[in-house]
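Since this is a predicted model, take the numbers as computed values, not measurements. Side chains included, hydrogens not; waters and symmetry mates left out as well; all remaining heavy atoms used.
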Amino acid sequence: MESLQHEIESLTKRQSDLEDVELEIMERLESATARHAELQARRSALDTTIAETEQARDQAYSEIDAEAEQARKERADAAGGITAELLAAYEKSRTQRGGVGAAPLRQRRCEGCRMELDASYLAKIAAAPPEQVMRCEECGRILIRTLDANA
């Protein structure tokens with residue numbers, strides 16, 4: 001009888017220990033489930049943000065493409081009255097000089113390189129006919145003569 005009583009006590013303690021372990025595991029599971037739900041909500045919010053950002057990016061690309069197409073049309077219209085030879089010279093100059101092939105001549109200064117031109121060269125430019133292409137001595141860009149070129 002004593003032995004059975006000792007066995008019952010031992011089993012009761014074992015049962016209590018196992019119940020404690022079960023409760024601890026249930027608490028950990030509850031905590032992990034809550035954390036999982038929180039992470040799922042954050043992931044969902046991030047997925048939404050990503051989708052919105054991608055949509056905004058695609059819209060910006062579309063607008064940039066439309067602007068670029070409009071600029072190409074305007075450039076083609078503006079280049080309509082220019083000779084093929086001058087257009088080829090401009091394209092070559094533009095390619096060699098980082099996208100700017102021509103620059104205005106204002107107050108004795110090339111606006112492309114910001115260098116002031118020599119007085120003798122300015123006189124040569126002033127004497128040249130308007131259809132003659134003149135280039136900056138410093139940077140080689142095509143000079144666009146303006147009303148205040150020699151001022």
Side-chain angles (χ1 to χ4, degrees), residues 1-118 121-122 125 133-151:
M1 181 88 148
E2 202 174 289
S3 177
L4 283 173
Q5 226 175 3
H6 182 40
E7 183 70 26
I8 290 173
E9 286 175 17
S10 176
L11 288 174
T12 303
K13 182 173 181 345
R14 175 78 176 137
Q15 183 179 4
S16 175
D17 289 345
L18 289 174
E19 286 173 351
D20 290 345
V21 168
E22 183 181 20
L23 284 173
E24 183 181 325
I25 290 172
M26 288 173 64
E27 288 173 357
R28 287 173 53 197
L29 175 63
E30 188 177 303
S31 174
T33 303
R35 178 77 173 138
H36 181 263
E38 176 188 332
L39 291 174
Q40 285 294 95
R42 285 179 59 194
R43 180 180 180 180
S44 177
L46 288 173
D47 287 343
T48 301
T49 301
I50 288 171
E52 290 170 353
T53 303
E54 287 176 345
Q55 184 179 11
R57 178 205 59 201
D58 293 345
Q59 178 66 28
Y61 281 157
S62 176
E63 290 172 6
I64 289 169
D65 289 343
E67 288 175 17
E69 183 59 31
Q70 181 64 29
R72 279 190 284 277
K73 287 178 182 177
E74 289 173 4
R75 184 178 189 275
D77 291 344
I82 299 174
T83 65
E85 182 181 290
L86 180 57
L87 196 55
Y90 170 78
E91 285 298 328
K92 182 177 178 184
S93 178
R94 186 177 71 82
T95 303
Q96 293 172 342
R97 290 175 183 72
V100 180
L105 175 62
R106 287 195 180 104
Q107 298 178 352
R108 301 185 305 262
R109 184 182 307 264
C110 169
E111 293 293 321
C113 63
R114 304 276 190 213
M115 297 295 292
E116 192 167 309
L117 300 179
D118 180 81
Y121 192 64
L122 286 170
I125 292 172
V133 176
M134 301 301 292
R135 294 184 176 269
C136 175
E137 290 179 316
E138 298 296 325
C139 66
R141 286 182 176 90
I142 297 171
L143 289 173
I144 301 168
R145 298 176 234 181
T146 61
L147 293 178
D148 63 344
N150 294 321

Do R57 and T53 touch side chain to side chain, with heavy atoms closer than 4.5 Å? no
Do the side chains of R43 and L39 get nearer than 4.5 Å, heavy atoms only? no
Taking S44's backbone N and O only, do any of them form a donor-acceptor pair with T48's side chain (distance below 3.5 Å, no angle check)? yes
Is the backbone of A89 close enough, under 3.5 Å, to the side chain of S93 for a donor and an acceptor to pair up by distance? no
Please report the shortest heavy-atom distance between I125 and R145, naming the atom on each side. O-NH1, 3.4 Å
Closest non-hydrogen atoms of I144 and A102, given as atom of the first, atom of the second and distance, are CD1-CB, 3.9 Å
Identify whether the distance between the nearest side-chain nitrogen and carboxylate oxygen of K73 and D77 falls below 4.0 Å. no
Please identify which of these residues, R108, R109, R114, meets the salt bridge (charged side-chain N to carboxylate O under 4.0 Å, His left out) condition with E111. R114
Would one find more than 12 heavy atoms of other residues, nucleotides or ligands at under 6.0 Å from atom [atom1] of [X]?
X	atom1	value
E30	CD	no
E38	CD	yes
Q55	CD	no

Just how far is it from atom CD of E54 to atom CD of Q59, taken to the nearest 0.5 Å? 14.5 Å
Working to the nearest 0.5 angstrom, can you tell me the gap between Q107 CD and L117 CG? 12.5 Å
